[in-house]
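Report on the following structure.
Basis for what follows: all heavy atoms, side chains included, without hydrogens, waters or symmetry-related copies. We name chains A, B, ... by the order of the sequence lines, and we start the count at 1 in each one. The structure displayed is predicted, hence computed values, not measured ones.
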Amino acid sequence: MSAPASSRPVRVRFAPSPTGLLHVGGGRTALFNWLLAHGQAKRMGQEGAFLLRIEDTDQSRLVAGAEQGIFDILHWFGIDWDEGADKGGPHAPYRQSERLPMYRDAAERLIADGKAYRCFCTPERLAQVREQQQARKEPPGYDRHCRDLPAGTVAANLAAGMPHVIRFRMPREGETVVTDLLRGDMVFQNVNMEDLVLLKSDGFPTYHLANVVDDHDMEISHILRGEEWIPTAPVHLRLYAAFGWDAPALAHMPLILAPGGGKLSKRHGSTAMEEFRSQGYLPEALMNYLALLGWSLDGEREIFSREDLLDLFTLERVNPSPGTFDYAKLKWFNQYYINHIISLDDLTMRVLPFLANAGMIDAAAIGNPDHPDVARVRPAVALLKDRLETLADAPEHLGCFLVDQLPPYDTATLIPKKGTAEDTLAALQAVARVLPEVDLDDEAAAEARFRALADELGVKAGNLFMPIRVAVTGRTQSPGLFETLRVIGTARCGERVQQAILALGENGMAAG
RNA sequence: GCCCCCAUAGUCUAGCGGCCCAGGACGUCACCCUUUCAAGGUGAAGAUCGCGGGUUCGAAUCCCGCUGGGGGUACCA
């Protein structure tokens, strides 16, 4: 950290609004905050704390259940917090709607010091002002109509019970320098800053007031937030100064852009953490991908576990330029974790909910390694894990190993490209005869026997194997034939070959 | 319009004045492996380091301008 290596504890916070599902951009901001406090700071021998604060100051945008959804998805993601809305802490409460008196007091204090003022302008007047400014091609903004209202007028309005907001009295001259840990100094002319609303007419604070009051009260040392906050950062700094407080260090995280440009939205695909979970992405793969979208160790290493990130993450190596979300690369990470990183037992357990959802196994098996269905699933997962891109692919790939009855055959797929219905039928009938004498558990012996059968029939091995594959799995693509037969078992293989013979016989007649 | 941020291949990035006529990864293509599809292996194409000026013996790296992209401009966060 560019801040002096003092012993001051590193206290950071992630402060989402419970207005819907957590966005991947928010997930990454949470991750970087958590890595700074629990990783980098602790490695430097400092105390590090990560807090989760709920910013529910806009009553109109609240979504029922959204707050719990945020807790759940962060836990799933692999992030834990030291203090927060659900678990309390030394600066409780951590939900802004429960801290209203603090904001009111802070705003009143600013008024008493002449640093803020009451504004009685109605929304209608503000809209009108904005309209006129637009018509005259002037920059839009509050015209500071109430900035210097006579004390008598204010008192009268107050006595009349007129609704009002409290606005910050932003200095009209000079400049404000915002030092960003990633970008260095950014200079803003105070004339360009507005007299932002601090306290709304409903008594709730705006983000600007609440975040400053809370970050100070909660002893936040570093603010890591999205780049969209850069424009108001100078006002926040002026607010700290008005209160006589030291401001935390600031670092604005780069934006995550959509593939076509612009901000990532539904139009381009999934944007919520929750969607990636339900689509079968592993939290460790998503974390790895998101960490690398903005941060890098050396440009060479790509695979980082949660623990690796705690050991290696440094804020300095976050790249300030915006990045484009790449669904294909995320998928690659997911596939790689499924196939090469997590264990077979682990993968088996994770695939269960998706199989249960497809009705292929007993839902009671979820989370229960001793359930008999787990033993049925595991060997199939062992064969198929190299072609699962997401856990949600499991039903499609594992289905033929788990169900008793295959869906009806597409008979065209049973017949090899260069084969005929008659030859295929004869081949499968030969297979049906041979199958009972073959020990499928001995893959090498089974393969030798079926290769010999191909010779006897006078066909290439591939032209015998493909009909068997389709008969037994219902699919033209599968793992190696003999491991597939072994796992599906002699009984079911026999039944399916018979079914295929029947299907082929009927359709062969029809076609002939 | 005004304010601000950013700028290395389609994408994520390494690079912080000479080691770079630019390295890694995804994606793409080819070949190998092979009973199919994957996985895996090998290799290839792809960047005049956005453009133009400087500074310097020397610039992807420093400075300025331009252009492009993005963000902000609410009693939303």
Inset, instruction - Using only heavy-atom distances, determine whether the side chains of A:S305 and A:D308 contain a donor-acceptor pair under 3.5 Å. - result: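 Yes, A:D308 and A:S305 have a side-chain donor paired with an acceptor closer than 3.5 Å.
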
Nearest-Å distance, [atom1] ([X]) to [atom2] ([N])?
| X | N | atom1 | atom2 | result |
| --- | --- | --- | --- | --- |
| A:F333 | B:U11 | CZ | C1' | 12 Å |
| A:Y289 | B:C26 | OH | C1' | 9 Å |
| A:I338 | B:A39 | CD1 | C1' | 13 Å |

Whole-Å [atom1] distance, [N] and [M]:
| N | M | atom1 | value |
| --- | --- | --- | --- |
| B:U55 | B:U8 | P | 26 Å |
| B:G40 | B:U73 | P | 45 Å |
| B:C57 | B:G1 | P | 42 Å |
| B:A9 | B:C51 | P | 10 Å |
| B:U61 | B:C20 | C1' | 11 Å |
| B:C12 | B:A45 | P | 23 Å |
| B:G15 | B:C76 | C1' | 40 Å |
| B:U36 | B:A44 | C1' | 27 Å |

Legend entry - Pair of N/O donor and acceptor under 3.5 Å linking B:A25 base with A:K329 side chain: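 Between B:A25 and A:K329, which were checked side chain against base, a qualifying N/O pair under 3.5 Å is present.
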
What's the closest nucleotide to the side chain of [X] if the choices are [options]?
| X | options | result |
| --- | --- | --- |
| A:I230 | B:C3, B:C5, B:G24 | B:C5 |
| A:A328 | B:A7, B:U35, B:G27 | B:G27 |
| A:R183 | B:A25, B:C6, B:U36 | B:C6 |

Inset, instruction - Give me the one residue out of A:L290, A:L309, A:L315 that meets side chain to side chain contact (heavy atoms under 4.5 Å, CB included) with A:W295. - result: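 With A:W295 as partner, side chain to side chain contact (heavy atoms under 4.5 Å, CB included) holds for just one option, A:L309.
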
Over all strands shown, is [X] touching base, sugar-phosphate only, or nothing at heavy-atom distances under 4.0 angstrom?
| X | answer |
| --- | --- |
| A:S296 | sugar-phosphate |
| A:G226 | nothing |
| A:L481 | base |
| A:F188 | sugar-phosphate |

Please determine, for [N], whether a Watson-Crick or G-U wobble partner exists with both distances under 3.5 Å, and give it or none.
| N | result |
| --- | --- |
| B:G40 | B:C32 |
| B:G46 | none |
| B:C21 | none |
| B:C2 | B:G72 |
| B:G10 | B:C26 |
| B:C62 | B:G54 |

Inset, instruction - Report the residue (A:D298 or A:E447) whose heavy-atom-nearest nucleotide on RNA chain B is the more 5′ of the two. - result: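 Per heavy-atom nearest nucleotide, the more 5' residue is A:D298.
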
Inset, instruction - Please confirm whether A:R53 makes a cation-pi placement over A:F14, using NZ or CZ under 6.0 Å from the six-membered ring centre and within 45° of the ring normal. - result: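 Not flagged: A:R53 not positioned over aromatic ring of A:F14.
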
Legend entry - Test ring pair (Phe, Tyr, Trp, His ring centres under 6.0 Å) applied to A:Y289 and A:F304, A:Y281, A:F325, the passing residue: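 For A:Y289, the ring pair (Phe, Tyr, Trp, His ring centres under 6.0 Å) test succeeds with only one of A:F304, A:Y281, A:F325, which is A:F325.
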
Inset, instruction - Report, as a single string ordered 5' to 3', how protein heavy atoms within less than 4.0 Å touch nucleotides 40-50 of chain B: B base, S sugar-phosphate only, - not at all. - result: S----------

Inset, instruction - Encode nucleotides 70-77 of chain B as B, S and - characters from 5' to 3', where the letter depends on protein heavy atoms closer than 4.0 Å: B to the base, S only to sugar-phosphate, - to neither. - result: SBSS-BBB

Examine distances only and state if a side-chain atom of [X] and a backbone atom of [Y] form a donor-acceptor pair shorter than 3.5 Å.
| X | Y | answer |
| --- | --- | --- |
| A:R469 | A:G474 | no |
| A:E274 | A:I73 | no |
| A:K263 | A:L257 | no |

Legend entry - A:D346 bridged to A:R350 by N-O distance under 4.0 Å: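 Yes, A:D346 and A:R350 are salt-bridged.
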
Legend entry - side-chain contact (heavy atoms from CB on, under 4.5 Å) partners of A:S17, counting only residues at least two apart: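 Listed in chain order: A:T19, A:E55.
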
Inset, instruction - Using only side-chain N and O atoms of A:R317, determine if any of them is under 4.0 Å from OP1 or OP2 of B:G15. - result: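 Answer is yes, contact under 4.0 Å.
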
Inset, instruction - Would you tell me if any nitrogen or oxygen in the side chain of A:R475 comes within less than 4.0 Å of OP1 or OP2 on B:U36? - result: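 A:R475 to B:U36 OP1/OP2: no side-chain N or O under 4.0 Å.
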
Inset, instruction - Determine the sole option in A:R238, A:R169, A:R147, A:K115 for which the salt bridge (Lys or Arg N to Asp or Glu O under 4.0 Å) test with A:D195 is passed. - result: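 Of the listed residues A:R238, A:R169, A:R147, A:K115, the salt bridge (Lys or Arg N to Asp or Glu O under 4.0 Å) partner of A:D195 is A:R147.
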
Inset, instruction - Kindly say whether the aromatic ring centers of A:W229 and A:Y207 come within a distance under 6.0 Å. - result: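 Between A:Y207 and A:W229, which both carry aromatic rings, the centre distance is below 6.0 Å.
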
